[in-house]
Number of protein chains: 2
Amino acid sequence: MSAGELRGRKPRADVQRNRAALLETAQRHFLQHGVGTSLEAVAKEAGVGPGTLYRHFPTREALLAAVLQTRSEELVARQADIEQLDDPAEALEQWLRAMEDYFSAFSGLPDPLMAAARAQEPDNPLTIPCDILISATDEYVRAAQLGGRVRVSVRGHDLFLAACSVAWIKGTGTEEEPLDRLRTLIASGYRERDNIQV
Amino acid sequence: MSAGELRGRKPRADVQRNRAALLETAQRHFLQHGVGTSLEAVAKEAGVGPGTLYRHFPTREALLAAVLQTRSEELVARQADIEQLDDPAEALEQWLRAMEDYFSAFSGLPDPLMAAARAQEPDNPLTIPCDILISATDEYVRAAQLGGRVRVSVRGHDLFLAACSVAWIKGTGTEEEPLDRLRTLIASGYRERDNIQV
DNA sequence: ATGCGTACGGAGGTAGCATCCGTTTTGCTG
DNA sequence: CAGCAAAACGGATGCTACCTCCGTACGCAT
């Protein structure tokens, strides 16, 4: 079907315009009201009818995935920075934080994300991003394990879940201080207890 | 307010009957469809009109709190068992598991629970249970800390959040195996690295 | 300029929430 | 036992949001 789009004639001007307007408006509404925001309101503010919104993005998840695609560029940028780091443990830590920020971009985002991570439905547009993130985390974990800084029993998926959890809590409106305490707790959980005393 | 109820004339028969029917039906629906279940459907199946439901329980949270009151008896029972234990670290672990089960009784329960735990609104009926649970956790933590089995930096509230997180993930439909890995990760985070080798 | 085909958009049917008020039930009192 | 006042009932109601369907309008290639 995507092949069909590519092979077909070039997209019409109004299609592109509407799609862009919808994405822009949707991102604003997701930011302000969370992922549960009214899609009718998004359509109206983007200056299109509900039908147009649903033709472009058949489900809420599809719209969400498209908006996140934009956001994921930021994540990739941070990833580039992180890969410059020498310390793999530091890299892992920053990567986890980057994921957490990504997950908590919109209030309520972790729920559909987790639903997609289960990934029984291969047509769920959020499934693919999740898989990529888990794989990436796995690599950071392995690198840090080679340096002996992270317990060998830990897997990327575990920390993916942990980051998701923290993002979820953040989305419920918890203060920053308890959040930081939880992050510390988790870090204590995955870090190898090292014998070097400072 | 409970004093007011006690001082007033005895409650009418239909009131008690309807309240019981609502609670019973609501619990079934929460179990089957999560906390977001249709209240209209609950009312209809309980054989009352919507108005009656909303008079008894003005908000979804109020109904939820009332249903949880029933469930909390089970928690108290487990608490009694746990307090028989000699090992405070074991007690803490079992308590965390008990809370987690309580939180994941209904899918979607952790969200309103966290909202109540923030507790700006003193009239939120879920706030009080949360406070009690946090306090209880704090005591288990302190007991285990006295035995040197739990890091001194850990607070009850931290583990309350952790238990909530795990319950949330469970509610999203994740398998048991990744959940258990996460629990292990958290346990590694709060346990004092002890030097005693078995 | 014209016509074809794609995309638009709003009307409309469905579902759930929360409220209000005329009616019914209850249990006390004479 | 009958009658009455208070209390509770319940459904009709207005609202918001979801999602679909189809007559219409618009963009583009000729």
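By convention in this document, chain letters (A, B, ...) are assigned in the order of the sequence lines, proteins followed by strands, and residues within each chain are numbered from 1.
Heavy atoms of R19(A) sit nowhere under 4.0 angstrom from any nucleic acid atom. Residue contacts for P58(B): at a heavy-atom cut-off of 4.0 Å it reaches no nucleic acid atom on any strand shown. Within the nucleic acid shown, R60(B) comes within 4.0 Å of sugar-phosphate atoms alone, with no base atom in reach, counting heavy atoms only. Backbone-only engagement by S38(A) is indicated by non-hydrogen atom pairs under 4.0 Å involving sugar-phosphate atoms exclusively. When heavy atoms are screened at a 4.0 angstrom cut-off, A13(B) is found touching the sugar-phosphate backbone but no base atom. Using a 4.0 Å heavy-atom distance criterion, T59(B) is classed as making no nucleic acid contact.
Here dC17(C) presents its P atom at 12 Å from NZ of K44(B), a figure rounded to the nearest Å. Summarising the geometry, the separation between CG on L64(B) and P on dC17(C) is reported as 13 Å, rounded to the nearest angstrom. Rounded to whole Å, atom C1' of dT25(C) lies 9 Å from atom CZ of R17(B). Going from atom CD of Q16(B) over to atom P of dA7(D) covers 16 Å, rounded to whole Å. The nearest whole Å value for the distance from the CD atom in E61(B) to the C1' atom in dA18(C) is 14 Å. Protein atom CG of L53(A) is 12 Å distant from nucleotide atom P of dT20(D), rounded to whole Å. One interatomic measurement links the two molecules: NE2 of H33(A) to C1' of dA17(D), which rounds to 14 Å at whole-angstrom precision. Distance, L39(B) CG to dT19(C) P: 12 Å, rounded to whole Å.
Salt bridge absent: D14(A) and R17(A) never bring a charged side-chain N and a carboxylate O closer than 4.0 Å. Classification of E83(A) and R78(A) as a salt-bridged pair fails, no side-chain N sitting under 4.0 Å from a carboxylate O. Salt-bridge formation is not detected for the pair R155(B)/D158(B): no Lys NZ or Arg NE/NH1/NH2 atom is positioned less than 4.0 Å from an Asp or Glu carboxylate oxygen.
The phosphate of dG10(D) has OP1 or OP2 within less than 4.0 Å of a side-chain N or O from T52(B). For N18(B), no side-chain nitrogen or oxygen approaches OP1 or OP2 of dA8(D) to under 4.0 Å. Between dC19(D) and Y54(A), a contact under 4.0 Å exists linking OP1 or OP2 to a side-chain N or O.
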When the side chains of residues 162-172 of chain A are checked against the rest of the protein, which donor-acceptor pairs come out under 3.5 Å, sequence neighbours left out?
residue	atom	partner	partner atom	Å
S165(A)	OG	L161(A)	O	3.0
W168(A)	NE1	D111(B)	OD2	3.2
K170(A)	NZ	D101(A)	OD1	3.4
T172(A)	OG1	I169(A)	O	2.5
T172(A)	OG1	T174(A)	OG1	3.2

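Two residues, V48(B) and R12(A), neighbour DNA chain D, and the one matched to the more 5' nucleotide by heavy-atom proximity is V48(B). Sequence order on DNA chain C of the closest nucleotides to E40(A) and G47(A) puts G47(A) first from the 5' end.
Out of dG10(D), dC18(D), dA11(C), the shortest distance to the side chain of R55(B) is found at dG10(D). Looking at the side chain of H56(A), the nearest of the listed nucleotides dG27(D), dC8(C), dG16(C) is dC8(C).
With a 6.0 Å radius and a threshold of 12 heavy atoms from other residues, nucleotides or ligands, E74(A) has its CD atom at or below the threshold.
The aromatic rings of F103(A) and F160(A) stand perpendicular to each other, their planes meeting at an angle above 60°, with 30° marking the opposite boundary.
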